[in-house]
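A short write-up of the structure that comes next.
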Amino acid sequence: MQHRGHQSTDGADGGELTVPMAWLYAEYIADELLRHGDLMPPTSFEFRAGRDALALTVFLADTDGELSGIRVVTQLDTWLSLTAYDQPWQDWVRERMAQLTAQAARRGGPAPDLELAAAAWRWLEETELLAPDLNAVPGGGPVGGETGESGGIGGDEEIGDIGELGVTGVIGEEDGPKVWTPAWQLGLPLGHLAIHLF
């Protein structure tokens, strides 16, 4: 029996082709949320980071295998909570991926949704993007003004989330200090903000 997140059809050779409907739907939802927020160009690496982080959140939060039947508005609070600054999102992703991998191994057969999710997570972990360091100014000092509880600038939670990124900094000619940031650390707060703006 196929997983509820999959859709099967006959291949050209008469064999069964499993379509990763759950992941494709999660990716579609993430894409629409980011485009609605209009936070970055859809062709940018930042957009991909936000889309993949959101798609992983949507896909992994579906514990009942009924993703294709959900109403997006009923899940926004769940996704917003999972992507919040104070949540260990990366640990949750690793835990859920391990659970789904074990389930797939017990079932046997193809797991194309999981394979695509794993590929997205690898890209988010292994890719670094050069992003503005909102916690510093040229010279390495902290940004002026009050710091909100989320660790960002001026107490604005959504914008402040982006300010906790990166480790190694460089100084740009016009844009101020930048840091090499793991893609998931950049994409996650962008995805969170996109949900908030929806």
Side-chain angles (χ1 to χ4, degrees), residues 20-62 67-68 70-87 89-90 92-93 116-117 119-137 143 145-166 169-170 172-198:
M21 293 302 296
W23 175 258
L24 293 177
Y25 190 53
E27 199 170 48
Y28 169 76
I29 292 172
D31 191 90
E32 287 296 303
L33 288 171
L34 282 166
R35 287 177 185 272
H36 182 272
D38 195 24
L39 298 173
M40 74 290 294
T43 56
S44 66
F45 284 114
E46 291 82 2
F47 185 93
R48 178 180 175 180
R51 184 194 62 199
D52 283 3
L54 262 183
L56 271 174
T57 303
V58 173
F59 175 72
L60 296 176
D62 175 36
L67 183 58
S68 61
I70 68 167
R71 294 184 61 206
V72 171
V73 292
T74 67
Q75 300 298 315
L76 290 177
D77 286 343
T78 297
W79 302 334
L80 202 62
S81 175
L82 287 168
T83 57
Y85 162 69
D86 60 350
Q87 298 300 309
W89 181 83
Q90 69 275 28
W92 173 76
V93 169
L116 290 173
W121 179 228
R122 278 196 304 273
W123 187 85
L124 287 169
E125 279 197 302
E126 297 173 2
T127 303
E128 291 189 339
L129 303 176
L130 192 60
D133 182 5
L134 300 185
N135 278 343
V137 296
V143 174
E146 292 185 4
T147 299
E149 292 182 1
S150 65
I153 303 170
D156 187 314
E157 180 180 352
E158 276 69 38
I159 300 301
D161 288 348
I162 304 175
E164 292 297 316
L165 307 177
V170 297
E173 292 182 359
E174 299 179 355
D175 299 328
K178 294 186 177 182
V179 289
W180 284 107
T181 304
W184 73 264
Q185 289 188 16
L186 178 62
L188 184 63
L190 290 174
H192 179 82
L193 182 54
I195 299 170
H196 180 78
L197 294 173
F198 186 73

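Only a predicted model underlies this, so the values are computations on that prediction, with no experimental measurement involved. When reading the values below, keep in mind they use all heavy atoms of this one structure, side chains included, and skip hydrogens, waters and symmetry mates.
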Could you give the distance from CG (Leu190) to CD (Glu46), rounded to the nearest 0.5 Å? 8.0 Å
Are Leu33 and Ile195 packed together at the side-chain level, in the sense that at least one heavy-atom pair is separated by less than 4.5 angstrom? yes
Taking atom CD of Gln90 and atom CG of Leu124, what is their separation to the nearest 0.5 Å? 11.5 Å
Quick check for you: to the nearest 0.5 Å, what is the distance between Gln87 atom CD and Leu80 atom CG? 10.5 Å
For Glu128, which residues count as a salt bridge (charged side-chain N to carboxylate O under 4.0 Å, His left out) partner, sequence neighbours excluded? none
I'd like to know if the side chain of Thr43 and the backbone of Pro41 have a donor-acceptor N/O pair within less than 3.5 Å. no
Is there side-chain contact between Phe47 and Asp31, with heavy atoms separated by less than 4.5 Å? yes
Output field: ring centroids Trp89/Trp79 closer than 6.0 Å: no
Reported OG1-to-CH2 distance for the pair Thr127 and Trp184, which is rounded to 0.5 angstrom: 13.5 Å
Which atom of Ser44 lies closest to which atom of Met40, heavy atoms considered: OG-CG, 3.4 Å
Looking only at non-hydrogen atoms, find the nearest pair between Ala131 and Leu186 and report the distance. CB-CD1, 4.1 Å
Measuring from Leu39:CG to Leu34:CG, what's the distance to the nearest 0.5 Å? 6.5 Å
Within the side chain of Thr57, is there an N or O that forms a donor-acceptor pair under 3.5 Å with the backbone of Ala53? yes
Beyond-backbone contact of Leu56 with Trp23, side-chain heavy atoms, under 4.5 angstrom: yes
Where is the tightest heavy-atom contact between Ala22 and Phe59, given as atom of each residue plus distance? CB-CE1, 3.9 Å
Which pair of heavy atoms, one from Ala55 and one from Ala30, lies closest together, and at what distance? N-CB, 3.5 Å
I need the His192 NE2 to Leu82 CG distance, nearest 0.5 Å. 11.0 Å
